[in-house]
Each structure stands twice: as structure tokens, then as C-alpha cells.
K.L.:
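One structure is given below, represented as C-alpha cells, and several questions about it will come after.
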Amino acid sequence: MLNPGEHYRLLNIGRNADRSEIKRSYARVLKTTRPDDDPLAFQRLQEAYAFCLAQLGRETDPRDHPAADSHVPLTAGRSAEQSGARLPEEPLATTHELSWTALQLAPRAALDVPGFQEELRQRMDGGKVSHLSRWLYEHEALYSIDLKMALRPAVAEVIARSPRAPTEDHCLPHVMAFFGLDKVDHDGLSEQLQHILADKQRQHAFDRALSRLRSSNKTWRERQIGLELTGPDSPQHRLLVTLVPGLPAQIGAAIHQLAQVAPNLQHPDLNLGNIAFWRQVLDANRLTRPRVVCVLLRTTVWPALFFGVVAAMAAPEDRRNVLLGGSICIAGAAAAWLAYALLRIGLRDINEKLAKHWRISSGTFSSLFCTFICVGVSWLPGLAFAGMAGMTFGYLRPLRGKTERMAALTVASVVVLSICMCICTTTLALELEAGQRFALAFTLASLPLPVWLWMEHSPRLARWSPLLLPVCAVVSLVAAVLV
Amino acid sequence: MIVGIDLGTTHSLIGTFDSGQARLIPNAIGRVLTPSVVSVDPQLGILVGQSAEDRRATAPRDTVANFKRWMGTQRETRLGERSFRPEELSALVLRGLLDDARAALGQEVTEAVISVPAYFGDAQRKATRIAGELAGIKVERLINEPTAAAIAYGLQERVESSTFMVLDLGGGTFDVSVLEMFDGVIQVHATAGDNHLGGEDFLSLLVDAALEDRRIRKSTLAQTDLALLRKQLQIAKHQLSSQGQASVSLELAGRPFDWSIDEERFTSLADPLIQRLRQPIERALRDAGIPAQRLDEVIVVGGASRMPLVVKTAARMLGRLPLRHVHPDEAVALGAATVAGMKARDQALEEIVLTDVCPYTLGVDTSRVDGYGKLTSGHFSPIIERNCTVPVSRMHTYYPVHDNVAQVEIEVLQGESPRSEHNVRLGHLKIPVRAGVSRELNAVDVRFTYDINGVLQVEAFAHGTGMLHELIVQNGGETLSEHEIRERLAQLEGLKIHPREDQANLAVIARLERLYAEHLEHRSMLQEWLATFTGIVERQDLQQILQSRSELVRALDEFEARTC
């Protein structure tokens, strides 16, 4: 890129040369630097010529001047008078074979631009493509190229202001093709329009997704989701959402849907604070405060209610046992979940480090490696459960006599629990989402076994015991699946 | 010796530049226009030109025309025992023209400047060059047809300083160019066109309308009948232009067929084609950045521009009457001959410099992140905008979409749509980049260089590896490779092409045969003439042949004037 002075020097002219001087000297220099002979020198000459003409302030060819900014801003508030154009009058040049009268052409008046814009808008809203096309092609005034070109910004304005979504407007492609607004052009108007239309399309999709959330005649659940995403910050509402089974996951799905349409979720109606909060709660890869608080809350509240009911129904002397057993169960579940979360994050970090330093992509090798770690490590939680179960058993021991059955049941529960932990961590390493959930659910479902063991013991609750295991399993499953 | 050739859809011409003037070379029959038609006869061999044109009516299955429209494609036409590619058919026409030049100038032609529609794409230009190679000459320079016409106009009228537009509506293509002439500089500002719009399309309209009016289905007609009808309507089309109405009368499938048409009906029939004329004219003006008012002149060339409808439409659009200073059929060839003279550095043309433009936008396929943060692919990023003065070289820097990539693929595209899928793929380049680093470190500078002969060179410099990669765009698969060209050249030379000396006789015989097929009333007379003339030719007395031929031609001209 030459500096300004060099352009003038190349053409051998002064800075205040007028148009004819510039052209003359260009012609002169061109004779010696022909495009066939010296392409590079010719290009430099061409740039210099374009530059010097541009400096005169007249419109020139922006394509010969790569650095020139040839964008014409699409001002929405363009006044109608500015874009009015006159048609050329009858030419003064003499004709050779045909005369104006022979061709039956009549001189035309200037076009009323706002009127034209209004008619165009009406026809586009009317939606009849063939009528619109015919009107455009038969419009006498639009035959004149100068007028048609002068109307382009006005037409772009009509298109930009249309309330319809671009993909639903069937007239749009025809209007754009007619005025050349669909092709790359050197005045930048069609590119600007493309951006405006792309933004509009996105806006429409976004609004549609959002309106589904906000419509009032929906189920209670959807109303809550809508309230959470678009309503004000409210800790009570967050508490409510946390405790309702399945609702946080649904909120997560809604956020995901919106993010598909517009990844940065910029909308005046959306509560970004809430969205960030729920994203943190549902992000399984990081152990953030909201997530820990919500999950522990869930894992605690429902089972606590359940055990509370059981304790209320139990005999006063058993109440303490039930409550104790219940708290151990809850603590176990919470601990299991924390262990699972930490393990998952830890394994992901290991995977990433392996991928980075050893250039191994997360795939078979790292998964197998991790699986070995998991199988080895998973015995630890298994043993923890064994300990807890043993403690329970030990506590229960003096209360019951059927030792063999108890022993068998305890051992069985320990084995089951350990296997479940293995499965859980293996599927974690292999990144199988559904498997993780199932494994965890199964794990937690086995937790109430000790509770059931108490039930067996207590005479008052003995007749309820056949029902209670399934109920416990269901409760734990629910708590697990929500995570 | 370098010549200029107008290789048109319906007619071709050849000319040279000497003694300060462009001159067209007549063919064996004495005309400067040679029909671009090829025909095969089992005994006579390959026929090119007027004799082939007449055989369109008598032997339509062995004759082919309008093959310029198939240039750049792989379409094969079967004539006789062999199938021909469009480049080969064009090469046969070129050979015929070169024979005429050799006979007229007495020396060999080694190089030619061939005219192409300004809007011909990369593949079509390559095919034209290959046709030249197959005809045995070097074709370095291709000149755009409207530019050639402009040169012919400028030199003829001794234009000093003018900004004007050239509208070239030929047999098969429509081109528009906006040019400026000053101080011996001929500068093209912008060019646009439609490669599938020409006189032949208007003719097809008439054929369809005539058949529809008389409720005849095209599929039921024999090829000879259809060819006859087409030929007659061709004459009718010319009549329409000059007289405002026309009629045809002939025998189709044994039954009389009469039909007439006036200018008004033709205007309404031709409306869809006329609408297609508008877009390139608008585009060329817009790209030139000049309002129609500022044009000093509008010139029309090309056979089909004789239609008043075309002139009227142009007048409505441009607010001025187009003029026809130069001969519409000869302008392009005269211009091509002048450019041949420029290439040969003829003294008389020393003061003139020609600059032309690249008709298409050239760029690459990219992905982009939009205002909402979404990554979308399929965006066309232009590097050389259309109507840039050539030769031109432009560069643009691109980054890979993701981090940690092993290579970047650059897809070279030609076209005007902002979506890559609607543009034409010219080729691609695979650039290995530095692995395992973020995308900012892997910038690739892509440089497009488009030279004056229309050859695109792509260079890509990868900052990550520091290596430069080059690609000279070969339209993959569609055009012939070097090896294939040599093969076909050898094959063509082995074909039996009818010698030039007999051309004139053949043309007369073919004309007689066509008239015989067209007219039912005077058949016995025509047959007698045919027998007499064939006998004289067989006797090989040159003096007698010449004399009887000129008499016969005179008689046939009278006959055709009387009966049509």
C-alpha cells in the first residue's frame, strides 16, 4: 500500500490536478506500463488512478481501492424527499433509425417514493407472490435503471421494517431479487440487509421459544419454569423449584432450547441471573455452591419427610431408631452423591490432562485406564457402605435373634452396593449419561435396606414392612433421578 | 501470423489487422459469415459452414448447431460413427475458418485471439482455449465480445472521449459492458450478461407458439419437418424486425401449414425473455457506479439486436435510444482482429491500450459467528470482487474455525451469491497447519491473482508452518487433461474433412436439397437443376463448374425471393 504522495508521483501530477489532468496522465503512463507486460506495475498504477480520482470527491470504483470503506449505512430514519428521484427527460441527442414517437414512449413524471413504499409494503403483506412479481415487472417507472437504483435504500427500509420473520415471508426473495438486494454488491447495502434479516430471524425464533414459556394457559409446571426464567429473583421460588421432582431438569432443557437459538441469550425479558444460577445447579462437571446446596437439599428433604411419617406411625420406643436409621440413610445418600460428583470431576480432569500432555484424545485408552482406577477406587465407597451397614447391623444385633438371615441380608446388601458403585464409576469413565443415573439410582435404592431391617424388627411396623421396601426404593430412586 | 476470430453461437467470422485496418476474411462461398454448424456425411466426410447449415433441414440427425452453449460441459453429440465433445465441434469450425485464412493470406496461422461472451465462466473459457488447441493454433488471449465490439466502434467512429454501454445480443448469449474511452485508453468499467439468452431463444418461442396455435405436438413431428419449420420461422423472425409482421407457409407431415404473427403478439410472447434482459443491464451500470444519464452513448451489436423489441426495452431502461453505428454481425470479429493486431504490436495500434475486467466475483467458503453468538457455515467471502480491472491480485487473511486442527481446506468459488452453495466451485486447496495450537496462531493468507488471460492463481501462506502453497485453478474433471487433448487432436487430424475447394459446390448442392425438401410445387425443376449441376461437377472442368455455379446461384436467389 503506497502512501498518498506516491500515488500522485506515479501519475506525475500535482495534488490539485483536476479530473481531465488525472485521466490524461494516467493514459500517458499506461502506454508504458501495459497490463500484458508488467502486471504488478499496472496494478500499482490502477490503484494510484483510483485513489487520485477518489480524492476529487466524485464517485469512483471502490473495488480498485482495497482499503476504501464502501459501506452505505442503512439509516432507518431516511427522509422521503432525499430518496425521491427524477426520471430522465427526452434526450437531446439526435436519433438514427428510430424516433421516440415511433417507439411510442412518453415522458414520465417523478415517482412518489413514500407512496411506492406504502404500496410495496401492502403488496408484501398481502402475501400473493405472483401478483407482486407481475406488478414489479410491469411497473413502467421501474424500467428506468436510475430510478430503480435510487429506490434500493427505500426498498431495503421497507424490508427491514417488516414485522414478519424473513423465512415466513414468501414475497421477500422476489423483491430482493428484483432490486438486486440478494447479491453481493459494492455499496454494501445487500450485506447490511442480510445481517439485519439474519438478526430478525434469530429474534423471531427466540421470541417464539420464549412465548411458549410465557403463555399463561399452560400447566402449573410450565408456568413455574416461565416464572423462573423471566420473573424476578426470588429465593422462595428457587426453593420451591428445587424441591419439585423433575422441575430443575425441565428448566435445564428449556434453557438449552433457548441457547440453541441464541447462544448468548440476550433478551430484555430473560432473567440472566436466574439462568446462570440454574446452569450452575445443572452443571455436572463443576461442584459449585448452588449445585451442592440444591442437591443436598433435595436428597435431605424428601427422605426426611418420609422418615418423619414413618417415625410418627412407629411406636414411641422405635421412633428414635427410625429417626437414627433415617438420618444415617440420608447422610449415606448425601455422601454417595458427593463422592460421585468428586469422582466424576476428578476423572474428567485426569482425562483432560492425559489428552493434553500425552496427546491422547478422550477415547478408548483413557477410558480403560480410568476404568481400572475406578474399579480399584470404587471399593472404597463400597467399604464405607459396608461399614455403615455393619454399624446398623451391630446396633440392631442385640434387638433381633435371627442372626443368619440378618447376616446374609447384610452381606448381600454390601455386595450389591459395591457392585453398584463399580458400575456407576465405570459408566462415568465411559461417559454414559443414562448408565450413570441408573447406577446411582440403583445404589441409592439399595440404601433403605437397613431401614427395612428395622421395620422387620419392630412389631408395630412389621405388617407394613412388605410395602415399605418398594416405597423406600421408589423414594430413593426419585431423589436420585432428580440429580 | 495472428488472427482474430469471433466464434459465435450461430455464425463465426475470422479477420486480420493490417494496413492500419481490421479486415474480415471471406469463406469459400465468398461470405464473411460462416454458420457454426457441423454435419457428417458418410461419403463426403465432415462438412462445416453453409453446406452443413443447409443440411440441418435435410439430415438433421447428422447435423449439430448451437454447440457454443455446451462449451464447458461434457455433453457429447453423436454424428455418424463418432461422438464429439463441444470443444471438438468448435475446433472443426475453427479449422474451417483457418483454412479460409490460409487461402486468403497465403501463410500459416499460428495464433488467434478468440472472442468469448464476457460472462463466460472459467470452465467455458478453458474449453474455448482447448478448441483452439485442437484446431492446431495457440490461443493465449480471449477477448470479451462487448469489449471487441466497443473497440470496433471506437476505432470506426474515431471516438475521442466517451463513456458508453455496449449491448451484445447474439445467437445464444447476451452481454452488457460499460466502457470508457479517452486518450487512446479503452477501459472496461463493468460487465454482466446471461449465457442462455439469445436470438435462438426468441426463435424457439415462435416455434412453440406456431405449433400450439395449430395444435400440433412437437413430439409427433419428424425431425426434418421440425427443422424446416424452424428455418422458415427464422426468416419470419427477420421479417418481423423489418416489416412488423410475418407469415410462414409450408408443408408439415404432408399437410399445409400456414401461420402468421404480428409485432404486438410477438411482444407479449417474448415478455419473459425481455424481462431477462433487464437484470444484466442493471447490474453492469450499478457495478460501474455510473447513472444511466451519464452514458454518452448506447451501442447495440449482435444479430438479435435488430429486433425493435430489444431496442425499445433498452431505451426504456436507459432513457436514451441505442444506436447501431457498427455492423451488428461483424463488430465483434473486427474487434477481435484489432486485438490480434494489438498483440502483434502493429504500429497503427501503438497508441491504444486496452484494460478489461473480471466478470465474476471470486472468493472462498467461510464460517462466521453471527450477532447472537451462533457459528454458521456456508458463507461466501469474496476476495476479488466482480468487475475489478485485470490483472488483479488481492489477499485476505483467514483463521481456522477451531483450535487444535491439523489442516485447513480452502474451497475456491466463483459467483455472486452470499451463500457458498449457490456459487460455482472452481477447486480446492488443502493446507496443513501447525497442530495442537490455538487458532490465532494458524492464520492463513489467501491471495488470488487473476491475470489478463483469465487464469486464476491461488496462493496460500500458512503462518503456523511458514509454508506457501499454490494452486492454479483447474476445473476438476470437466475439462480435458493435457493427455486427453493430445489424443483428441490426433483423432481429429485423422478425420476425413471435406476439402475446401469443393465447399462452394457442396453448398449449392446442399441448398438445392434443402429447397427440394421445403417446396413441394417446384420439385421437378429443382431435381433437374440438381442432376445437371452434379453432372458438371463430376466432369471436373473448373471453368464450366464456375460458370454454371454462379448461374445456378443467381437462379436460386431469384427462386427463393419469389417463393418466400
Side-chain angles (χ1 to χ4, degrees), chain A residues 23-24 26-28 30-31 34-36 39-40 42-43 46 59-64 66 87-89 91 93 95-100 103-105 137 140 143-146 148-150 177 180 182-187 190-191 194-195 198-199 202-203 206 260-266 359, chain B residues 141 161 182-185 189 271 275 278-279 281-283 285-293 297 308 311-313 315-321 323-325 343 350-351 353-356 361 370-374 380 382 385-394 416-418 436 449 451-452:
Chain A
K23 289 174 93 128
R24 257 204 310 275
Y26 167 71
R28 223 179 7 245
L30 188 59
K31 302 273 191 329
R34 290 169 184 254
D36 316 56
L40 284 169
F42 170 73
Q43 278 180 72
Q46 198 67 27
E59 64 247 16
T60 180
D61 182 0
R63 292 172 303 285
D64 278 348
L87 286 171
E89 315 283 351
T95 64
H96 281 237
E97 291 152 27
L98 303 155
S99 67
W100 279 105
L103 285 180
Q104 292 147 355
L105 292 164
Y137 278 103
E140 189 56 43
Y143 265 90
S144 160
I145 297 182
D146 287 344
K148 199 168 163 186
M149 295 217 265
D182 57 344
K183 300 269 195 276
V184 168
D185 217 337
H186 65 86
D187 65 1
S190 75
E191 273 185 63
Q194 291 282 350
H195 288 147
D199 281 351
R202 234 173 250 307
Q203 191 67 39
F206 204 19
Q260 291 278 30
V261 172
N264 52 12
L265 292 169
Q266 288 292 344
R359 306 274 170 91
Chain B
R141 186 74 189 276
S161 163
F182 60 93
D183 296 331
V185 176
H189 282 304
D271 192 60
Q275 294 301 340
R278 290 170 73 175
Q279 211 229 25
I281 300 178
E282 284 171 20
R283 169 85 68 77
L285 263 186
R286 206 159 65 220
D287 288 346
I290 296 174
Q293 274 183 309
E297 211 68 86
V311 176
K312 190 165 151 185
T313 309
R316 277 157 102 187
M317 292 179 77
L318 300 162
R320 68 186 334 112
L321 269 177
L323 303 172
R324 213 173 306 159
H325 286 295
K343 202 159 193 290
E350 274 288 297
E351 287 302 301
V353 186
L354 173 68
T355 68
D356 213 327
T361 304
D370 71 8
Y372 283 84
K374 184 130 187 194
F380 177 58
E385 308 240 338
R386 65 170 182 266
N387 292 317
C388 258
T389 311
V390 293
V392 65
S393 184
R394 291 277 155 81
E416 313 306 326
S417 172
T449 307
D451 75 6
I452 199 159

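Proteins get letters first, then strands, A, B, ... in listed order; numbering begins at 1 in each. What you are looking at is a predicted structure, and each value in this text was computed from that prediction instead of being measured.
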K.L.:
Between A:Y137 and chain B, with a heavy-atom cut-off of 4.5 Å, which part of the residue counts as in contact: side chain, backbone, both or neither?
P.N.:
both

K.L.:
So, A:Q46 side chain and B:T389 main chain: donor-acceptor pair closer than 3.5 Å or not?
P.N.:
no

K.L.:
Can you say whether B:I281 sits under 4.5 Å from chain A via the side chain, the backbone, both, or neither, judging by heavy atoms?
P.N.:
both

K.L.:
Tell me the closest heavy-atom pair linking B:R141 and A:D36, and the distance in Å.
P.N.:
NH1-OD2, 3.6 Å

K.L.:
Would you call A:K31-B:E350 a salt bridge at under 4.0 Å N-O?
P.N.:
no

K.L.:
Can you tell me how far OH of A:Y143 sits from CD of B:E282, rounded to the nearest 0.5 angstrom?
P.N.:
10.5 Å

K.L.:
Please round to the nearest 0.5 Å and tell me the distance separating atom CE of B:M317 and atom CG of A:D146.
P.N.:
10.5 Å

K.L.:
Could you check if a side-chain atom of A:F42 sits within less than 4.5 angstrom of a side-chain atom of B:I452, using non-hydrogen atoms only?
P.N.:
no

K.L.:
Picking from A:Q194, A:R34, A:H195, which has the most non-hydrogen pairs under 4.5 angstrom with chain B?
P.N.:
A:R34

K.L.:
Using side-chain heavy atoms (C-beta onward) and a distance below 4.5 Å, is B:L354 in contact with A:P35?
P.N.:
no

